[in-house]
Chemist: 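First, the structure itself, so that you have it in front of you.
Lettering of chains follows the sequences in order, A, B, ..., and the numbering in each one begins at 1. Atoms considered below: every heavy atom in the structure, side chains included; atoms not considered: hydrogens, waters and symmetry mates.
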Amino acid sequence: MPPQANCALPHGFQLDQYRIERQLSLGGFSIVYLAFDQDGIPVAIKEYLPNSLALRKDGEVEPRVPDENMPAFRYGMKCFFEEGRSLAKLMHPNVVRVLNFFRANNTVYMVMQFERGRTLHDYIQKHKGEVKERFIRAIFTRMLNGLREVHAHKLLHLDIKPSNIYLRNDGTPVLLDFGAARQTLALDQPMLKPMYTPGFASPEQFANREALGPWSDIYSVGASMYACIVGTAPPRSDERVKQDTLQPITRQHASRYSPQLLELVDWCLRLDPLARPQSVYTLQKALMQKEAGEAMPASWFTDLGSRLKSFIGKR
Amino acid sequence: MRFTIYQESRIGRRKTNQDRIAYCYSRDALLMLIADGMGGHLHGEVAAHLSVQFITQAFQREAQPALLDPALFLSRTLSRAHSAILDYAFDKNLPEAPRTTIVACVVQENCATWAHAGDSRLYLLRQGRVAAQTRDHSRVQLMMDQGLLDAEGAARHPGRNRIYSCLGGSHLPQIEFSRRTPLQDGDLIALCTDGLWGPLGNEGVVLGLLGGNVMSAVPKMMSRAETIAGDGCDNLSMIAMAWHEDAGQPTPAAVSTQTMALDDFNTRMDTFQRGRGSASGAPNIDLSDDEIERTIAEINSTIQKFNRN
Ligand SMILES: Nc1ncnc2c1ncn2[C@@H]1O[C@H](COP(=O)(O)OP(=O)(O)OP(=O)(O)O)[C@@H](O)[C@H]1O
Ligand SMILES: [Mg+2]
């Protein structure tokens, strides 16, 4: 635990071209704010502020970084840049959109599109024990569209968990927090310090980082689906490797969920990376598989309009 | 497979380039595609980008190393790209789905198969003559078919930009498919947007490609189109591919896919990005102020690329 928490910038603070409304969250690595731009459009701003290296006292603006922490602070800033770099390349409806990046107050800021809604974590807390199968399939199928995009750019997310899956008010999911997407699939990238969340992180994230791949994110997806069903995260995978206490959920939750979904979760949670679904696409196909009587809304977008030939103005 | 390929896209006199172009090949299959996002509509550039990205990715998944059925691939993937655009519009709560033209061509087993919606074109040139060509899904083309308009009138017609089929938008695209067309040594396949064929006309495109050296012909042709179009020059793009017999004479710029691994791909998708300032290298712990500024500038330019204001 850090000895002292960092203080957030106050309400009304003019930060570059944005005005701070309020703090949305405080993490170990950053603070996220709700702010408004010059046109009054709400944005989420993430401030790089690692608790263990920099301290902003109440009433101050610039955080203090002791000389001996400076190299580490700058190194962490590089990691923060990696998050921005990754996100800037990804343009996908299910991945949070970065709008701007700037430097101020001796640190750096990432501006994102502000999403209204709540995290899947909050949703699970509220609906403990009654998260519907249909909901799980719909949310994860769409969230996986975003993850596929991440993998297509040779990136791994490495921190998928319910608190980083955001549910917009219209029900569509968006992947947040690429703080750990620092590890690219390409091997020529320097290895950066891992950040992971026990319970949702794959065993190879703890011990065997050469084995990281799309299947590592798939483990975390499985753990997140598990959390939807059971209400809590599965046992930590580094513990499971020593002694596996995970009960296959196929047996425990058969009354409320179809065997196919439960098997899928167990499949994702296999300790052996090669025994899991190897690509997001495989997992999506399995999630889309129709159960008897449980039709997926695959036809949301079929064209219901008339087929009359219409002329479309080109510019 | 052995071929020479060249692609280029220019912004013309517009503020943004809404054309997207890409080619991608495995050992046994080649995909080429061009999309022209519709500027008057919301997020046209996004529609073009999503389509090209979506189709390229599908190709990489399925061409292992050849597609099972190129025609089926095109029909499935183009209509899925359409749905992906609608999906995007739905997710972003857009009042209407963005739109883009598309023309996509697959070459494998010595045959070409293509599909298109809108007025981006494909030409197949054999010995300096047009052996096949797409028909624009445009109002002026329909009028020409009915004998109401000749080519010259069409080129000046005020409604020449109006098309009745595209990906995205509120109507199902009417995608038109070619037959499976065997290729001969020396055949040229050229895909282009109206920014190129508009100013040059059919003759200009055919003449420009004469001689068969796509590497030098395409840039020259683009400059000519820019000159002719003048201040109103639209975005213009072309991919041109010269097909060589495997046993034919070695050609300097030709690609031979013979030695490629079965699961290997070469992809080029042009997104008009300037070279990245810093290459990935060994971690440089001592991040200098200059580097911070440069990284921020680089990230912002990547963001801008996807952000049409
Ligand atoms: N674009 C956004 N729109 C709305 N809320 C957001 C957005 N980004 C972040 N948030 C809120 O802030 C919280 C924390 O964000 P995020 O997960 O990115 O940071 P973090 O976990 O603090 O990151 P780190 O692990 O790098 O310290 C989210 O759970 C969400 O409630
Ligand atoms: Mg988080």
Side-chain angles (χ1 to χ4, degrees), chain A residues 70-78 81-82 84-94 97-103 108-111 113 142 145 148-149 152 168 170 172-174 184 186 188-192 279 281 298 300-315, chain B residues 36 38-41 44 46 49-50 53 57 60-61 82-84 86-93 97 99 101 118-119 138-139 159-166 169-172 174 194 234 280-288 291-293 295-303 305-307:
Chain A
M70 206 53 190
F73 181 79
R74 288 279 166 108
Y75 184 61
M77 193 181 276
K78 258 185 121 93
F81 283 147
E82 282 315 307
R85 221 196 276 273
S86 310
L87 281 171
K89 281 190 287 196
L90 299 169
M91 188 199 45
H92 193 279
N94 304 113
R97 181 85 174 272
V98 178
L99 303 173
N100 190 15
F101 224 93
F102 64 92
R103 195 175 174 190
V108 285
Y109 297 85
M110 179 169 80
V111 184
Q113 188 160 306
R142 304 196 107 191
N145 284 331
R148 235 167 63 193
E149 180 77 3
R168 296 191 181 103
D170 69 2
T172 58
V174 55
T184 55
D188 60 348
Q189 286 288 101
M191 185 86 90
L192 294 168
S279 72
Y281 187 62
W300 274 359
F301 303 115
T302 45
D303 194 88
L304 299 172
S306 76
R307 291 231 185 167
L308 273 184
K309 202 176 265 183
S310 80
F311 290 94
I312 299 156
K314 224 181 139 201
R315 53 199 123 235
Chain B
D36 177 358
M38 295 191 193
H41 294 269
V46 177
H49 193 91
L50 281 177
Q53 188 165 295
Q57 281 170 7
Q60 296 187 351
R61 263 195 320 271
H82 169 74
S83 311
L86 300 196
D87 242 345
Y88 174 85
F90 181 84
D91 281 341
K92 291 281 167 199
N93 285 318
R99 296 162 175 169
T101 72
D119 64 357
S138 65
R139 176 191 280 187
R160 63 183 179 280
N161 288 322
R162 295 179 83 78
I163 62 172
Y164 57 82
S165 175
C166 61
S170 50
H171 295 264
L172 275 180
Q174 302 174 31
D194 61 342
D234 192 4
S280 60
N284 180 0
I285 309 284
D286 213 16
L287 189 64
S288 70
E291 262 178 284
I292 295 177
E293 294 297 336
T295 309
I296 290 181
E298 180 196 325
I299 294 173
N300 278 326
S301 95
T302 310
I303 294 169
K305 215 177 61 204
F306 292 109
N307 251 344

Chemist: In terms of heavy-atom proximity below 4.5 Å to chain A, should Arg160(B) be classed as side chain, backbone, both, or neither?
Modeler: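 Nothing of Arg160(B), per the 4.5 Å heavy-atom cut-off to chain A.
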Chemist: Counting N and O atoms only, with roles assigned by atom type, does the side chain of Thr101(B) sit under 3.5 Å from a partner on the main chain of Gly118(B), one being a donor and the other an acceptor?
Modeler: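 Checking the backbone N and O of Gly118(B) against the side chain of Thr101(B), no donor-acceptor pair under 3.5 Å is found.
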Chemist: So which part of Asp170(A) gets closer than 4.5 Å to some heavy atom of chain B, the side chain, the backbone, both or neither?
Modeler: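 Answer is side chain: those atoms of Asp170(A) sit under 4.5 Å from chain B.
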Chemist: Who are the side chain to side chain contact (heavy atoms under 4.5 Å, CB included) partners of Glu293(B), not counting sequence neighbours?
Modeler: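 Only Arg103(A) meet the side chain to side chain contact (heavy atoms under 4.5 Å, CB included) criterion with Glu293(B).
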Chemist: Find out whether Leu99(A) and Arg97(A) are in side-chain contact, i.e. whether some heavy atom of one side chain is under 4.5 Å from a heavy atom of the other.
Modeler: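 With C-beta onward as the side chain, the pair touches.
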Chemist: Just jot down the ring-ring contact (aromatic ring centres under 6.0 Å, His included) partners of Tyr109(A), sequence neighbours excluded, or say none.
Modeler: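 Per chain and number, Tyr109(A) pairs via ring-ring contact (aromatic ring centres under 6.0 Å, His included) with Phe102(A).
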Chemist: Measure distances from Val108(A) to the heavy atoms of chain B and classify the residue's part below 4.5 Å as side chain, backbone, both or neither.
Modeler: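 The side chain, not the backbone.
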